[in-house]
Number of protein chains: 2
Amino acid sequence: MKKTVFIFATLIIALLALIQLSKFSIVKGKSSLEYIIAAVAIVFFFVGLYINKRKNQSKTSLTKPNIDTQKIEDLGLSKREYEVLCKLAKGHSNKEIASLLFVSESTIKTHVSNVYTKLNVKRRTQAIQKAKELRILPH
Amino acid sequence: MKKTVFIFATLIIALLALIQLSKFSIVKGKSSLEYIIAAVAIVFFFVGLYINKRKNQSKTSLTKPNIDTQKIEDLGLSKREYEVLCKLAKGHSNKEIASLLFVSESTIKTHVSNVYTKLNVKRRTQAIQKAKELRILPH
DNA sequence: AGCAGATTGGTACTTTCGTATGAGTACAAT
DNA sequence: ATTGTACTCATACGAAAGTACCAATCTGCT
């Protein structure tokens, strides 16, 4: 935020400087008027480019990583169930997930079944899909 | 492409018009110089905004729907195998895919196995992942 | 202390998935 | 005509996934 303020302040100062400079140039000789105007045009053209690029960067960085905690709670997914869901989405088998989380395969099966019930799906492929649709897993 | 040329032509004409207008104004009275420069600045600021917005739109529309036919061939995936992969990625079971494509479940199993071999994966969840990484399926 | 929910794990069973193998058909290229 | 590739389908087996119970433990909260 401080950065933004600084940038805008710099821009305003630059604008004023350009105006003063142009006045000065005009007084000395009228021939360079086109150059002044062209310079102003170019500078503000790039300012426009820059501002828009900033905006789009912040927009994309906001829309992409929406792993939305609220919906996880709304669905009644527990912490552990969500962990299992994450591993599931990475393509691990139940046995592998069991190893990764240091519990038995039975436990993972229980969690997985609960996840299916809460997401209202029948298969793990559907669970992954739905979880991504609901933005509780990154795409 | 014609549209782009037209837009740029319009811009150049506008620039020249502004310069002439400013000359004319200067001759009539020097007091309005700041306004001229401010007008030029504003116009080109918005031109910059516009150009960049166009660029980003085309960029996002290009990067998103890259279902890349070349890589499908490179992997040696046949037409039918790719069809099966698509249904698979939508969360269907082998039996469901068999119904959708009007063949037996055995056939689907064969295709699915071949897809796994060609994608070098062990499970359908991994196949979906890999296919999306390789951009042969939409995200 | 006592309750609710979360976590863990087990048994038993069914279903789905995945692999291996063989084989018939169709179609295009050589 | 032969070869190769794609597509189809079957059988059989083993591995994973999924369901339906039940139960012990743990945790946070009142």
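All values below were derived from every heavy atom in this structure, side-chain atoms included, with hydrogens, water molecules and symmetry-related copies excluded. Chain identifiers are assigned alphabetically (A, B, ...) following the order of the sequence lines, protein sequences preceding nucleic acid strands; residue numbering begins at 1 within each chain.
- A donor-acceptor pair under 3.5 Å is absent between the side-chain atoms of B:Glu73 and the main chain of B:Gln70, judged by distance alone.
- Of the listed nucleotides (D:dA17, D:dT8, D:dA10), D:dA10 has the atom at the smallest distance from the side chain of B:Ser104.
- For the helix from C:dA1-D:dT30 to C:dT30-D:dA1, the rotation axes defined at the first and last 5 base pairs enclose an angle of 40°, given to the nearest 10°.
- Comment: B:Glu133 does not engage B:Lys130 in a salt bridge, judged by the lack of any side-chain N to carboxylate O separation of less than 4.0 angstrom.
- For C:dT7, the OP1/OP2 oxygens have no side-chain nitrogen or oxygen of A:His111 closer than 4.0 Å.
- The shortest heavy-atom contact between B:Tyr116 and B:Leu88 is OH-CD1, 4.3 Å.
- For the pair B:Thr107 and B:Lys118, nearest-nucleotide mapping onto DNA chain D gives the more 5' position to B:Lys118.
- Checking A:Val112 against B:Ser106, the closest nucleotide of DNA chain D that is more toward the 5' end is the one next to B:Ser106.
- In terms of heavy atoms, B:Ile97 sits closest to B:Val84 at CD1-O, 4.1 Å.
- The stretch residues 71-97 of chain B touches DNA chain C through B:Ser93, B:Asn94, B:Lys95, each having a heavy atom within less than 4.0 Å of the strand.
- Whole-Å rounding puts the A:Leu101 CG to C:dT8 P distance at 8 Å.
- Ion pair A:Lys122/B:Glu96 not flagged as a salt bridge, since none of the NZ, NE, NH1 or NH2 atoms sits closer than 4.0 Å to an Asp/Glu carboxylate oxygen.
- Between C:dT19 and B:Tyr116, no contact under 4.0 Å exists linking OP1 or OP2 to a side-chain N or O.
- Taking atom CZ on B:Arg124 and atom C1' on D:dA15, their separation rounds to 14 Å, with Å as the unit.
- OP1 and OP2 of C:dG18 both lie 4.0 Å or more from every side-chain N or O belonging to B:Arg123.
- Atom NZ of B:Lys90 sits in a sparse spot, with 12 or fewer heavy atoms from other residues, nucleotides or ligands closer than 6.0 Å.
- Considering OG1 of B:Thr69 and CG of B:Asp74, their distance stands at 10.5 Å, rounded to 0.5 Å.
- Between the P atom of C:dC17 and the CD1 atom of B:Ile108 lies a distance of 11 Å, rounded to the nearest Å.
- Judged by distance alone, the side chains of A:Ser104 and A:Thr107 do bring a donor and an acceptor atom under 3.5 Å apart.
- For the residue pair A:Asn94/A:Arg124, the side-chain donor-acceptor check at 3.5 Å is satisfied.
- When the C1' atom of D:dA16 is taken as reference, atom CD of B:Gln126 falls 13 Å away, rounded to whole Å.
- Of the candidates D:dA10, D:dG18, C:dG18, C:dG18 carries the atom nearest the B:Lys109 side chain, counting heavy atoms from C-beta on.
- Atom CG of A:Asn114 and atom C1' of C:dT8 are 12 Å apart (whole Å).
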